[in-house]
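Report on the structure given below.
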Amino acid sequence: MTDIKIDIDNGESAVMPTATTVGEALSELLSNKQRKRTVAVTVAGETLDLGTPLNTDSSLSLIQIGSDESLEILRHSTAHVMAEAVREIYGKDVKVAIGPSIENGFYYDFECKEPFKPEDFEKIEAKMTEIVRKALPFTRTEMCSDDAIKHFDDLGENYKVELIRDLGEDTVSLYQQGSFTDLCRGPHLPNTSWIKAFKLQRVAGAYWRGDEKNAMLQRIYGTAFFDKKALRKHLNTLEEAKKRDHRKLGKELQLFTMQDEIGPGLILWQPKGALLRKLIEDYWKDAHYRNDYELLYTPHIARQDLWKTSGHLDFYAENMYSGMDIDDVRYQLKPMNCPFHIGIYNSNKRSYREFPIRWCELGTVYRYERAGALHGLLRVRGFTQDDAHIFCTPEQLENEIFNILDLNLEILKTFGFDQYDIYLSTRPEKSVGTDENWEQSTEALKLALEKKGLSFELDPGEGVFYGPKIDIKIKDQLGRSWQCSTIQVDFNLPERFKMSYTGSDNKEHQPIMIHRALMGSLERFIGVLIEHYAGVFPLWFAPVQARIMNITDAQAEYCEEVYMKLRKAGIRIEKDLRNEKLNYKIREAQMEKVPYMLIIGDKEKDSGTVTVRLRNGKNIADMSIDDFATKVADECLEGRGI
RNA sequence: GCCCAUAUAGCUCAGAUGGUAGAGCGCAUCCUUGGUAAGGAUGAGGUCAACGGUUCAAUUCCGUUUAUGGGCUCCA
């Protein structure tokens, strides 16, 4: 038997016999403490569990508790334990389908006669705890596919059989712990006792392999951690997220509402929400003016012929509402603004000297969304995109993308988002446009991202059929991701609408068209903003900036005076002159998250000042009314990044 | 669209083996004039989501519809 050399990424190395397992090697090379933290290793890019024998010289990278990979392995193993528990409890009444780890947890899909109820969780969790306590090892075996198919077929596990058939491999790997064996690539924990903290969270229907033509399975979601504290922290974050839910806060703060009589997915903006939206729109228009855009307004409906020309009736019909007849001509609601902007483009003959043309519009569109997809402000049927279209020459493309990214990040930063994930999506299988077009534009997007110093992930084949795109997912204060910004190059519409410009060579050329939305839609963006700030909006776009409250009726007149003065100064001010105690008024304003409370008693009345109370409970000593107005105005400018 | 759950006062929620309902907050009126997170009293608010069925009787049981929530799928 020959020996092999094993080294690990902390510098230790040893020569050991062939077929030494990873775990044995680690026992040799690591301190007890380190070993107990090591969940698995990577060797030459492959993740191996501790039971894997090593047959050649190997360099091991440790996957230790605390890393994302370690959590993935833990959760995957916990999914297996849950499947074992479910099988133990329900026996042949359930079939197992598939159970991976996902962001923040894991799930396992089951086919069963009776859907699971949250009450069943206790039973399953108790069984899981039993399995964990037994410290059952996860053991891996390789089996030829035919044998594996027979094995699962005998058990009646037709989903596993289908998976193995589709894999089309000669051999597959199986993992067993206790009474449960699963088709699985691994890796897994050494044994079940490594699972220190887990919780089953909810049950939901899910199609087998995500295809709605397939059977509906029962999916149980759960999560797991290496210690109870981390689990508790995670559950707290979920609680916090619940408190920040924009649907809840939207109701409490009276920002928006939806009603059965009006229809699902249609938003009614209440006065405070409408004001919030107006402030955001004003900022947006201003930022676009500063960045050399021009503002457009376009109608909400157009002749059906327009949507034939644009191709929307061919490839977007299922998202469009049925038409209406006006004077015997068919019209349809717009699902997009682009054809209208193109109409304006085509209203004149264009020269390269006008380029780049940057046109923006807060364009309200209507799209059919499946009933089950609707969600608060985040997914609605009528919404306003912060849309813009840029028309330019191929040479200008990279610079225009750079400018868009610049404006995009500026706007996101102004609203308190400075963490994001960026994706560059390339040509899909079904697409229009020449190879040259695709290559040049994809390259331009890439160069612009690099020039801006932004790291991004490539999303191969995920572009839209008409061109490559950049998507930006912003991260909120709880670390959750939201897709808002999108920047897309379009080779399709310029062709369909026969757009052209006269170049310096006095010949006609087709312009490059860029679609982009930075906030995505005002509805979604405001929904995300509500959750990001938990309703505690920065002064510059808080719908109410200050509320005046008197201590007794004796100051009512002076309060009215202050109120009018500040209102005229442009401060978004309210007054609370009710016959209530100060405590009561403060509590109410605090719960409504009003940034400044102006408290007025005899003292202030006599000196012609106001006492300012902040949302954090602190006071600013008396200040004059003018000083307060200046302070608010200054803070707003600062907030808007001007 | 599909699976599961839910729908009671403006809001948050109780409620009865089937006999037309209650609390707190909010709202109105009155007392109270109180300096930094809820002073007190009285009162007005409900076709118990809609429609149909079973029943002497349905808010309660059954069915359908609508909406909402958790997911699948899709997306700004």
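A note on names: the letters A, B, ... follow the listed sequences, proteins ahead of strands, and every chain is numbered from 1.
Looking at heavy-atom distances under 4.0 Å, G205(A) makes contact with a base. G372(A) comes within 4.0 angstrom of a nucleotide base, judged by non-hydrogen atoms across all strands. Backbone-only contact: R219(A) has heavy atoms under 4.0 Å from sugar-phosphate atoms and none from a base. Counting non-hydrogen atoms under 4.0 angstrom, Y221(A) reaches the backbone sugars and phosphates but no base. Within 4.0 Å (heavy atoms only), V380(A) reaches at least one base atom of the nucleic acid. D553(A) comes within contact range of at least one nucleobase, with a heavy-atom separation under 4.0 Å.
Here, rG71(B) and rU8(B) have their C1' atoms 27 Å apart, quoted to the whole Å. Rounded to whole Å, the separation between the C1' atoms of rG15(B) and rU20(B) comes to 14 Å.
Here the options are W307(A), Y466(A), F465(A), the test is ring-ring contact (aromatic ring centres under 6.0 Å, His included), and the partner is F315(A); only F465(A) passes. Put simply, the residue from W482(A), Y283(A), Y420(A) that forms a ring-ring contact (aromatic ring centres under 6.0 Å, His included) with F415(A) is Y283(A).
One interatomic measurement links the two molecules: NZ of K213(A) to P of rC72(B), which rounds to 18 Å at whole-angstrom precision. Atom CZ in F110(A) sits roughly 18 Å away from atom P in rG71(B) (whole-Å rounding). For the pair E592(A) CD and rA37(B) P, the interatomic distance rounds to 16 Å; values are reported in whole Å. The interatomic distance linking R379(A) (CZ) with rU73(B) (P) rounds to 12 Å, in whole Å.
Here NE2 of H389(A) is found 9.0 Å from CD of E361(A). Values are rounded to the nearest 0.5 Å.
Across all strands shown, the partner of rA5(B) is rU68(B), judged by Watson-Crick or G-U wobble contacts whose two distances both fall under 3.5 Å.
Remark: ring of Y584(A) does not overlap the six-membered base ring of rA37(B) in a stacked fashion, as centroids less than 5.5 Å apart with planes less than 30° apart are not both met.
In this model, a side-chain donor or acceptor of E369(A) finds a partner on the base of rA76(B) within 3.5 Å.
A donor-acceptor contact closer than 3.5 angstrom links the side chains of T611(A) and E604(A).
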